[in-house]
Amino acid sequence: MKLLSLLSLCAAGSAFVLPQQQQPLQGILHAADALAAVPELWSDDTPRLLELAPGDAVWMKEGDKLRLMREGKKFIDITDHRDLGATVHASAKQPVSFPSNITHSEIVKPIFKSLSADNIRKNLKQFTSFPNRYFRSDNGRQSSQWLQSLISDTIDSAGAKNVTVTPFKHTWPQSSLIARIPGKSNKTIVVGAHQDSVNMYLPFLSAPGADDDGSGTMTILEAFKALLTNKNITSGQAENTLEFHWYSAEEGGLLGSQAIFSAYEKAERDVKAMLQQDMTGYIKGTLDAGKKESVGVITDFVDTGLTEFIKKVIEEYCSIPYVETKCGYACSDHASASKAGYPSAFVIESAFEYSDHSIHTSGDTLDKLDFEHILEHARMTVGFAYELAMAKF
Ligand code: BES
Ligand code: ZN
């Protein structure tokens, strides 16, 4: 118990640790990560139904999730959403045809002037200053509230009157957030990232989650901010509605995104496309391996047509190429959209094998990230959102 209290004091004693205070703690926290791997130190016996592969669900305990993560095993916690995808409605059953060409380059490229690497860095610095963003903790609740204010300020600064941000409440303290830019129809294009972070050794230890997924969180916020400088978007004249989602509890087994897409499925919401941005900032692994900087287009558990479309977006709007790569089952929130019958795509920072290995530890920090690379993901997001907002489905 003494060790437990010491660790929790080190890691999460204050609700908001300033970046300069955080540095001296890193050594202690790395040591704590190692010590905390002793399983008896923490357990939560709440039964949860975890799907380890399609159709393979096993009753385990809440406390088993971090162990699975340490073992590199992926899971969806389907306890509350066993019926996700069961009532797939008529609009979602029709395969969606995506544009065969990029057609709005002359409007989209000038929007890129509003994207700023410094702004992303500034936002991410504050976001990673929470001791962690664990979805079941008060830190997670506070980080979500802080993010909501940042999104809200972004909307206010743009003077975008029809644009809203709304918390999507869950049975745990951290809410998901949904920003909505209404278009001429309710057909909806979703861009997503997850706001929570976790330390896989113990949930109350430090988890800056700079790359996983602070990077995606701030990538899509910067793209959102840039899109709000365009009158075609803010005037409601786009063919389709745009939504930006910041999911809670991805690390708990895609809990936030399942709750949202389950609600959308039940409400017969017509989601035409979903793009997930999870880990957009780490390129050192690629460069150290002697490879060229690129983005990684995920090809498993995604929609083939939408994935072909995102490749065209990258070719047109990014200054680096893509490589195809695989992530495995239930890698991130796009899997919840897919399960609900909505086409989804997923693009990561690199080929999977060269992605950031310090995720889920206190070492997932800002200094490891490349903000010019994050800008490439932001350009892709703006291009994806604008092209599909204007597409006639
Ligand atoms: N960001 C990761 C997924 C990821 C890992 C993307 C490496 C790109 C490269 C995500 O937050 C995660 O941790 N997913 C878990 C499964 C999840 C359902 C708990 C995983 O991949 O182990
Ligand atoms: Zn993760």
Side-chain angles (χ1 to χ4, degrees), residues 104 107-124 126-127 143-168 175-183 188-195 213-248 256-257 260 271-278 280-281 310 313 317-318 333-334 337 345 347 371 374-390:
H104 298 283
I107 297 175
V108 170
K109 285 184 178 164
I111 300 177
F112 295 167
K113 287 194 217 105
S114 305
L115 297 171
S116 153
D118 283 344
N119 193 47
I120 298 174
R121 187 196 303 272
K122 186 186 101 209
N123 288 339
L124 193 51
Q126 293 198 54
F127 200 47
S143 64
S144 178
Q145 281 191 342
W146 178 85
L147 181 60
Q148 187 185 332
S149 307
L150 186 60
I151 299 164
S152 194
D153 291 348
T154 305
I155 297 169
D156 292 347
S157 304
K161 296 278 177 289
N162 309 321
V163 180
T164 53
V165 58
T166 314
F168 186 105
S175 295
S176 296
L177 298 167
I178 299 180
R180 184 175 165 83
I181 312 176
T188 303
I189 309 302
V190 174
V191 171
H194 72 89
Q195 55 173 288
D213 182 24
S215 62
T217 295
M218 294 313 170
T219 300
I220 71 166
L221 178 59
E222 193 66 13
F224 175 72
K225 186 196 83 183
L227 283 161
L228 294 186
T229 63
N230 181 276
K231 287 279 170 298
N232 301 336
I233 293 288
T234 51
S235 65
Q237 289 312 298
E239 292 295 328
N240 310 304
T241 292
L242 281 174
E243 283 189 3
F244 284 68
H245 293 182
W246 288 269
Y247 304 110
S248 167
S257 55
I260 290 174
V271 176
K272 292 296 183 198
M274 187 270 186
L275 173 69
Q276 176 76 349
Q277 297 275 278
D278 183 359
T280 65
I310 198 70
V313 171
Y317 294 123
C318 296
D333 297 302
H334 62 290
V347 182
F371 287 84
I374 297 181
L375 267 192
E376 298 285 348
H377 282 262
R379 285 189 196 113
M380 174 181 62
T381 309
V382 171
F384 173 89
Y386 194 93
E387 295 283 342
L388 291 187
M390 299 301 164

Which distance, rounded to the nearest 0.5 Å, do you find between the [atom1] of [X] and the [atom2] of [Y]?
| X | Y | atom1 | atom2 | value |
| --- | --- | --- | --- | --- |
| Phe244 | Thr381 | CZ | OG1 | 7.5 Å |
| Leu177 | Gln195 | CG | CD | 5.0 Å |
| Leu242 | Leu388 | CG | CG | 8.5 Å |
| Lys272 | Ile189 | NZ | CD1 | 8.5 Å |
| Thr217 | Gln277 | OG1 | CD | 10.5 Å |

Shortest non-hydrogen contact between [X] and [Y], atoms and distance:
| X | Y | answer |
| --- | --- | --- |
| Ser176 | Ile260 | CB-CD1, 3.7 Å |
| Ala179 | Trp246 | CB-CZ3, 3.8 Å |
| Val163 | Ile155 | O-CG2, 3.6 Å |
| Ser175 | Ser144 | O-OG, 2.9 Å |
| Val313 | Met380 | CG1-O, 3.5 Å |
| Asn123 | Trp146 | O-CH2, 3.6 Å |

Test of understanding: with salt bridge (Lys or Arg N to Asp or Glu O under 4.0 Å), list the residues that count as partners of [X], not counting sequence neighbours.
| X | value |
| --- | --- |
| Glu387 | none |
| Arg121 | none |
| Lys109 | Glu316 |

Practice prompt. Please identify each residue that fulfils side chain to side chain donor-acceptor pair (under 3.5 Å) with Ser257, with sequence neighbours left out.
Written response: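 If we apply the side chain to side chain donor-acceptor pair (under 3.5 Å) test to Ser257, skipping adjacent residues, the hits are Asp333, Ser336.
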Can you list everything that forms a side chain to side chain donor-acceptor pair (under 3.5 Å) with Thr188? Sequence neighbours excluded, please.
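In terms of side chain to side chain donor-acceptor pair (under 3.5 Å), with neighbours along the sequence ignored, Thr188 is linked to Arg269.
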So salt bridge (charged side-chain N to carboxylate O under 4.0 Å, His left out) across residues 146-163, not counting sequence neighbours, yields none
Quick check: do Leu375 and Arg379 have side-chain heavy atoms less than 4.5 Å from each other?
yes
Item to complete: State, yes or no, whether a side-chain contact exists between Arg180 and Thr166 at a heavy-atom distance under 4.5 Å.
Response: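 Arg180 vs Thr166: side chains apart.
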Enumerate, atom names and distances included, each donor-acceptor pair closer than 3.5 Å involving a side-chain atom of residues 218-237, sequence neighbours excluded.
residue: Thr219; atom: OG1; partner: Ser215; partner atom: O; Å: 2.6
residue: Thr219; atom: OG1; partner: Thr280; partner atom: OG1; Å: 2.9
residue: Glu222; atom: OE1; partner: Asn119; partner atom: ND2; Å: 2.7
residue: Glu222; atom: OE2; partner: Ser116; partner atom: N; Å: 2.8
residue: Glu222; atom: OE2; partner: Lys225; partner atom: NZ; Å: 2.7
residue: Lys225; atom: NZ; partner: Ser114; partner atom: O; Å: 3.3
residue: Thr229; atom: OG1; partner: Ala226; partner atom: O; Å: 2.5
residue: Asn230; atom: OD1; partner: Asn232; partner atom: N; Å: 2.9
residue: Asn230; atom: OD1; partner: Ile233; partner atom: N; Å: 3.1
residue: Asn232; atom: ND2; partner: Tyr386; partner atom: OH; Å: 2.8
residue: Thr234; atom: OG1; partner: Asn230; partner atom: O; Å: 3.3
residue: Ser235; atom: OG; partner: Lys231; partner atom: O; Å: 2.7

side-chain contact (heavy atoms from CB on, under 4.5 Å) filter on Pro110, not counting sequence neighbours, yields Lys113
With sequence neighbours left out, the residues meeting ring pair (Phe, Tyr, Trp, His ring centres under 6.0 Å) with Tyr317 are Phe112
- By ring pair (Phe, Tyr, Trp, His ring centres under 6.0 Å) - contacts of His334 (at least two apart):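 Per chain and number, His334 pairs via ring pair (Phe, Tyr, Trp, His ring centres under 6.0 Å) with Phe346.
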